[in-house]
Amino acid sequence: MREETIRTGVVEAEVGNYPPCEGARDAWAPADRRMRLLEPAAADTVLLPHGREAPLYLVHAAHGGTFMEIPAGWIAMLVPVAGTVSAGGDHLRWELEPGQCLIWDRPLRVSGHRQRGRWFCLAGPAESWIRAGCDPAVMADILADEMDCPERQVSSLESLHLALCRDGDGDGEAVARVREAMGMLHDRQQDLRALIPRCPGRSQRRKRWSMQRLLRIRHAILAGGQGGRTSMGLLSSQVSYSRGHLARVYHAVFNETPIECAIRIRLHRARRLVEETGLAFCDIAESTGFDSQSSFSRAFKQRYGLTPTDARSRAARSP
């Protein structure tokens, strides 16, 4: 398929030789709007613009293979609806499934898998979120984090999508839906914000900054837990802490060290593999980063009080 480049004052995207859908055509139109809707076709590449004056974009990717880059200085809310969505940035990577969401405040690359992929991304500079109706105090409180998606989050974004398809001007119902979508994530982070006083720093701003650094470590541990061992040296280098200082600070906030967190995540994944698959225990041990099957079995029994064999047998007997 012939590739063309559409360039406008607000966005640049690689698209094929077909007209955009109605929602996308609205979005390309040069108009001063607080919100804009983009609906890329299959295998489109969406490069969102830089600058604080950009509107708040709702990207609705309903085709597999869509790729998007979000620039520095933007806040993005990524919510899968169907299939897996991959996201990466700042040396971190996520594989998000429906029921999860990511809010991120650094450059981010997003791509949906080519089969059955559908996702929403609401993204823009902090100023654009406020212009679109969000409370500035809420925006100041939001932490970049991966979390379970609130139950009504997808329906809220679906309603925003319909509102922008109807009028495209970012007024009325669209403003209410943006405020609702961010408000739900803000409420979901209440317990996380309660941990900020435990963070190092002489001011609330410094403590919040420390929390964001520790969340980056937690994300790195989660990502490492998907494929095995996590390096303490790599974790400490990401936030310019010594290993000892990182262990102390992390434990003070989350009540466990990074290594304890990594082992807990690896064992959680290992238990799912034990109970839900027929994989050999040696293969499970290797895939979750244990040195040997014996060390895996010891750690498993210490945490869960039963051996992997007992756990698989009990799962098989459960209805």
Side-chain angles (χ1 to χ4, degrees), residues 1 3-16 18 20-29 33 35-98 100-126 128-129 132 144-146 149 153-154 157-158 160-161 164-165 168 178 181-182 185 219 223:
M1 179 181 294
E3 295 290 320
E4 298 177 343
T5 302
I6 291 180
R7 298 176 187 269
T8 74
V10 296
V11 71
E12 170 180 323
E14 297 290 330
V15 301
Y18 38 74
C21 65
E22 194 64 33
R25 187 183 300 115
D26 231 13
W28 305 120
R33 294 174 179 164
M35 302 181 212
R36 295 193 178 182
L37 171 65
L38 298 181
E39 292 193 300
D44 273 6
T45 297
V46 179
L47 306 178
L48 297 173
H50 294 258
R52 295 183 175 182
E53 299 305 316
L56 183 64
Y57 284 92
L58 177 67
V59 180
H60 176 226
H63 304 276
T66 301
F67 176 82
M68 177 176 64
E69 286 195 0
I70 298 171
W74 282 37
I75 297 173
M77 177 194 300
L78 178 60
V79 179
V81 179
T84 303
V85 180
S86 298
D90 201 24
H91 307 292
L92 299 173
R93 188 164 186 83
W94 298 266
E95 295 291 328
L96 301 173
E97 305 284 348
Q100 298 175 287
C101 64
L102 173 69
I103 186 158
W104 201 242
D105 61 354
R106 293 170 180 265
L108 193 68
R109 296 184 176 187
V110 181
S111 60
H113 289 197
R114 293 190 177 276
Q115 300 296 326
R116 307 181 309 280
R118 181 170 173 251
W119 45 272
F120 284 108
C121 185
L122 194 56
S128 72
W129 286 87
D145 192 26
E146 174 194 347
C149 192
Q153 190 79 339
V154 172
L157 292 173
E158 297 278 15
L160 173 60
H161 173 242
L164 291 176
C165 282
V178 169
M182 182 57 80
L185 293 191
H219 296 319

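Here the structure is a predicted model, which is why all the values come from computation and not from measurement.
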Inset, instruction - Check Pro55 against Ser128 and note the closest heavy-atom contact, atom names and distance. - result: C-CB, 3.8 Å
Legend entry - Verdict with supporting geometry, Leu92 and Trp104, side-chain contact (heavy atoms from CB on, under 4.5 Å): CA-CA 11 Å; Leu92 299 173; Trp104 201 242; 3.8 Å; yes
Inset, instruction - Could you tell me which non-hydrogen atom of Leu56 sits nearest to which non-hydrogen atom of Gly124, and how far apart they are? - result: CD1-N, 3.8 Å
Inset, instruction - State, to 0.1 Å, how close Cys149 and Gln153 come at their nearest heavy-atom pair, and which atoms those are. - result: SG-CB, 3.3 Å
Inset, instruction - Locate the shortest heavy-atom distance separating Val154 from Pro80; write the atom from each residue and the value. - result: CG2-O, 4.3 Å
Legend entry - Separation between CH2 of Trp74 and CG of Leu48, rounded to the nearest 0.5 Å: 4.5 Å
Inset, instruction - Would you mind reporting whether Phe67 and Ser86 have side-chain heavy atoms less than 4.5 Å apart? - result: no
Inset, instruction - Measure the spacing between OG1 of Thr66 and CZ of Arg118 and express it to the nearest 0.5 Å. - result: 12.0 Å
Inset, instruction - Could you grab the distance from atom CG of Leu37 to atom NE2 of His161, nearest 0.5 Å is fine? - result: 5.0 Å
Legend entry - Residue pair Cys121, Val85: steps toward the side-chain contact (heavy atoms from CB on, under 4.5 Å) verdict: CA-CA 11 Å; Cys121 185; Val85 180; over 6 Å; no
Legend entry - Point-to-point distance, once rounded to the nearest 0.5 Å, from CG of Leu38 to CG of Asp44: 10.0 Å
Legend entry - Atom of His60, atom of Pro40 and distance for their closest heavy-atom approach: O-CD, 3.6 Å
Inset, instruction - Measure the spacing between CG of Leu122 and CE of Met182 and express it to the nearest 0.5 Å. - result: 7.0 Å
Legend entry - Met35/Leu58 under side-chain contact (heavy atoms from CB on, under 4.5 Å): CA gap, chis, key distance, verdict: CA-CA 7 Å; Met35 302 181 212; Leu58 177 67; over 6 Å; no
Inset, instruction - Give, for atom CH2 of Trp94 and atom NE2 of His219, the distance between the pair rounded to the nearest 0.5 Å. - result: 6.0 Å
Inset, instruction - Could you tell me which non-hydrogen atom of Trp129 sits nearest to which non-hydrogen atom of Ile75, and how far apart they are? - result: NE1-O, 3.1 Å
Legend entry - Side chain to side chain, Met77 and Phe120, heavy atoms closer than 4.5 Å: no
Inset, instruction - Given side-chain contact (heavy atoms from CB on, under 4.5 Å), test Trp119 with Leu78 step by step and report yes or no. - result: CA-CA 7 Å; Trp119 45 272; Leu78 178 60; 3.7 Å; yes
